[in-house]
**Q** 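Sharing a structure below in structure tokens format, with a few things to ask.
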Amino acid sequence: MRRTRVAAAAAVTVSLLTAVTACGGGSSTSGGSDDSPKTLTYWASNQGASIQVDKKVLQPELDKFEKQTGIKVKLEVVPWSDLLNRILTAATSGQGPDVLNIGNTWSASLQATGALLPWDAKNLAKIGGKDRFVDSALGSTGAEGKDPAAVPLYSMSYALYYNKQIFADAGISQPPATWEELVADGKKIKAKGKNPLGAEGANLSENIHHVFVFAKQHGADFFTADGKPDFTNDKAVAAVKQYVDLMAKDKAIPAGNAEYAQNQSVSDFAKGKTAMLLWQSAAANLKSQGMAEDAYGVAPVPVQSGTPGTGTQVNSMVAGINMAVFKNTHNLDGATSFVKFMTSDAEQKVLNKAYSSIPPVKAAQSDPAFDSGATAVLKQTLATSAAALPQVADESQFETTVGTAVKELFADAAGGRSVTTASVKAKLDKAQQQMPKK
């Protein structure tokens, strides 16, 4: 999912999703129509450094679509802090947009509401077919064995961004390839008066993304093979502790970052306050904040040992944004045409260049523009060492409950309270108890 996303209050999200699942989406399951063929409403997620940046990127493309089709698209860019709960509220009421962006990790959870149009073979054929999209992106579009609940729009992965001058001043000649090296480099950086690593400790989704990767590197999963929560297994506990220990024990992450949730760590990096940043497709954001591209380097996220790859060498989740259609849209044909337009080869190049992301459409991804600099690292990560978060109906609750547990552990670390294996396991056990009962 996108880097700016902050999950909303867990109780609200869980109660809404439980209600939606129970009722099957209310009136939203009645099917769409073409009662309003000349207009569409579109909820876009906040992809850029600000909502105004997104409007500047998107509006010319929406105008282009209107010129081609005669359909006017009413755009609203929704902050990540509001998006999930607004979608869930729309699903229960049946009063939502025609087309919307969703974080790809939500696909199975929102699919379970019954509110979204399934992208079966017939619908996929209308936009050029399933084979246009890369497999990694399709893997985060809904539960296995079901028609996709959404279509890939932007693909992203995590990378390690590092400040070249700070590294040089600390006598570091290359970026760390392992976490042990990162911690050692952090001590050299601190000795020069800089903060080693930025993080968004109060951002629930960022927390989930990172602990998921650490769990993979420990050989752990947060769900069993049959989709049941398994948050307190020893390897998952060790993974969460290793991530939080970057602040609690290793002092690589500043204590103040425990309160960060709105891209403050990106701003710190852009301003030269922090030497390293673990982020998704950050180039456009850094440029908008005045950081020159040649001021930083980009490397794969560290692993426990060796080099990134599959299995325990996974170093990113499969990040990205999917595009969905509400089943009860009043412009079904127009909504489908809009998805086709936004996922066309030409638009994929325009949009993903603007957001420093990777096109999930094969033909666009082959453009040489996506084979250089930071983008090349992200593309290689997606192809070789990224894993999809669990595509289960309870995934969004997992993000809020475990994400909150990690947030609380960061708060403990920042407050000088001990973070032990026992305290981590207790937080994760509490998170597991908050999950819906089967």
Side-chain angles (χ1 to χ4, degrees), residues 1-3 47-49 53 57-58 61 104 128-141 151-164 167 174-177 209 213 266 269-270 276-289 291-303 306-310 313-323 341-388:
M1 292 197 138
R2 188 61 176 178
R3 48 206 169 272
Q47 298 302 119
V53 168
V57 169
L58 293 172
E61 308 314 307
N104 65 353
K130 179 179 180 180
D131 291 342
R132 293 186 62 241
F133 300 92
V134 298
D135 290 341
S136 62
L138 287 172
S140 295
T141 55
V151 174
L153 182 63
Y154 312 125
S155 288
M156 291 166 275
S157 66
Y158 278 87
L160 176 71
Y161 294 78
Y162 61 96
N163 185 301
K164 293 179 181 178
F167 267 49
Q174 60 187 17
H209 297 169
V213 169
V266 184
F269 182 77
M276 292 177 280
L277 178 71
L278 298 169
W279 211 249
Q280 302 175 40
S281 308
N285 196 329
L286 295 173
K287 181 178 180 180
S288 73
Q289 298 191 57
M291 190 176 196
E293 189 173 350
D294 60 1
Y296 62 87
V298 184
V301 172
V303 292
T307 57
T310 57
Q313 302 302 80
V314 162
N315 67 343
S316 179
M317 45 83 73
V318 176
I321 305 302
N322 293 342
M323 199 171 197
F341 171 80
M342 294 289 277
T343 59
S344 67
D345 296 353
E347 284 304 305
Q348 281 287 288
K349 293 176 185 179
V350 170
L351 294 170
N352 283 280
K353 286 176 184 176
Y355 290 128
S356 302
S357 47
I358 310 294
V361 171
K362 293 175 183 176
Q365 192 176 107
S366 65
D367 188 300
F370 301 102
D371 284 327
S372 61
T375 309
V377 176
L378 304 177
K379 187 176 177 180
Q380 177 70 9
T381 296
L382 278 174
T384 62
S385 57

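Worth saying up front: this structure is predicted, and the values here are computed from it rather than measured.
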**Q** Okay, side chain of T141, backbone of V151: is any donor-acceptor separation there less than 3.5 Å?
**A** no

**Q** Could you state the interatomic distance from CD (Q280) to OG1 (T381), rounded to the nearest 0.5 Å?
**A** 11.5 Å

**Q** Kindly say whether T343 contributes a backbone atom to a donor-acceptor pair with the side chain of Q348 at under 3.5 angstrom?
**A** no

**Q** When you measure from the side chain of N104 to the backbone N and O of P152, does any donor-acceptor pair fall under 3.5 Å?
**A** no

**Q** Check whether any side-chain heavy atom of W279 lies under 4.5 Å from a side-chain heavy atom of F269, and answer yes or no.
**A** no

**Q** Tell me whether T375 contacts the main-chain N or O of F370 through its side chain, where contact means a donor paired with an acceptor under 3.5 Å.
**A** no

**Q** Any donor-acceptor pair under 3.5 Å linking the side chain of K349 with the backbone of A369?
**A** no

**Q** Kindly state each residue pair satisfying salt bridge (Lys or Arg N to Asp or Glu O under 4.0 Å) with at least one member in residues 128-137, sequence neighbours excluded.
**A** R132-D345

**Q** Judged by atom type as modelled, is there a donor-acceptor pair below 3.5 Å linking the side chain of N322 to the main-chain atoms of S140?
**A** yes

**Q** Do V213 and H209 have side-chain heavy atoms sitting under 4.5 Å apart?
**A** no

**Q** Rounded to the nearest 0.5 Å, how far apart are CD1 of I358 and NZ of K353?
**A** 12.0 Å

**Q** Do we see a donor-acceptor contact under 3.5 Å between the side chains of N315 and S385?
**A** yes

**Q** State whether the number of non-hydrogen atoms from other residues, nucleotides or ligands found under 6.0 Å of K164 atom NZ is greater than 12.
**A** yes

**Q** Please check: side-chain N/O of Y154 versus main-chain N/O of Y355, any donor-acceptor pairing under 3.5 Å?
**A** no

**Q** Supply the atom-to-atom distance N285 CG to K287 NZ, rounded to the nearest 0.5 angstrom.
**A** 12.5 Å

**Q** Would you compute the distance between atom NZ of K379 and atom OG of S155 and round it to the nearest 0.5 angstrom?
**A** 11.5 Å

**Q** Quick one: does S356's side chain have a donor or acceptor within less than 3.5 Å of a partner on A284's backbone?
**A** yes

